[in-house]
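Shown next, in structure tokens, is the structure this report addresses.
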Amino acid sequence: DVKVTQSSRYLVKRTGEKVFLECVQDMDHENMFWYRQDPGLGLRLIYFSYDVKMKEKGDIPEGYSVSREKKERFSLILESASTNQTSMYLCASSRARSALHFGNGTRLTVT
Amino acid sequence: SQQGEEDPQALSIQEGENATMNCSYKTSINNLQWYRQNSGRGLVHLILIRSNEREKHSGRLRVTLDTSKKSSSLLITASRAADTASYFCATDRGSTLGRLYFGRGTQLTVWP
């Protein structure tokens, strides 16, 4: 069974802090994704990666960066957290053209 | 940018009834997928239907795809209270390495 693990379920950070959200998958998937989910807006893609050290911007990359140094790990970085980044963050992985496997999400609150 | 749009936004039914959710999309697709999300959790993949398929079954789930109308439907038969969740459709446009475009979802509530 594919497992996608997000490092934290809940996180509370202060405005201006640098925040790291970590995601690890154990199925050697090429693709990894970071989405944020907000009520009424559905899932919006922040960044995705199709290989180690490769990254592509999604629909809302502003204020975020990512790192993929190893195939199994995809990190989302909030360089300077702001209150409008309070959200549920979902990591997913997949093989090309196949179903996404999601982690359980990190609910981030920025105060 | 969302690709799929689910309809209705919310659906409330009794146990034992069937639940039908619809998804419309705007561009050509490689495949369409349905996902389920329990409150506060990640999404779970339910079923994938390719653009050359018209219908697919998995247990109590039945998915249809009409590429001429750019629409899909998810039917859950004999609903149970445990089916209460949000359901999302997602489309693979076939262009960017498996990226999916999600709709805003249908919230299904099944009353015991």
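Below, all heavy atoms of this structure are taken into account, side chains as well, without hydrogens, waters or symmetry copies. Numbered from 1 within each chain, the chains take letters A, B, ... in sequence-line order.
Residues passing the side chain to side chain donor-acceptor pair (under 3.5 Å) test with A/R9, sequence neighbours excluded: none.
Remark: B/L100 CG to A/Y35 OH distance equals 5.0 Å, nearest 0.5 Å. The OG atom of A/S94 sits 10.5 Å away from the NE2 atom of B/H45 when rounded to the nearest 0.5 Å.
Heavy-atom distances place both the backbone and the side chain of B/L43 under 4.5 Å from chain A. With a 4.5 Å cut-off on non-hydrogen atoms, B/Q37 touches chain A through its side chain but not through its backbone.
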For residues 102-111 of chain A, which side-chain donor-acceptor pairs fall under 3.5 Å, sequence neighbours excluded?
from: A/T106; atom 1: OG1; to: A/Q6; atom 2: NE2; distance (Å): 3.4
from: A/T106; atom 1: OG1; to: A/S8; atom 2: O; distance (Å): 2.5

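Residues B/F88 and A/Q37 form a side-chain contact, since some pair of their non-hydrogen atoms from C-beta on lies under 4.5 Å apart.
The main-chain N or O of A/L100 is found under 3.5 Å from a side-chain atom of B/Y35 such that the two form a donor-acceptor pair. Of the possible donor and acceptor atoms, none in the side chain of B/R104 sits under 3.5 Å from a partner among the backbone N and O of A/G42.
Counting non-hydrogen atoms of neighbouring residues, nucleotides and ligands closer than 6.0 angstrom, the CD atom of B/Q9 reaches no more than 12 such neighbours.
By a heavy-atom distance cut of under 4.5 Å, A/M88, A/L90 are the residues of residues 79-90 of chain A near chain B, going up by number.
Under a 4.5 Å side-chain heavy-atom cut-off, the cluster of Ile, Leu, Val, Met, Phe, Trp and Tyr residues that includes A/V52 has no other member.
Shown here for B/R99 and A/F33, the closest heavy-atom pair between the two residues is CA-CE2, 4.0 Å.
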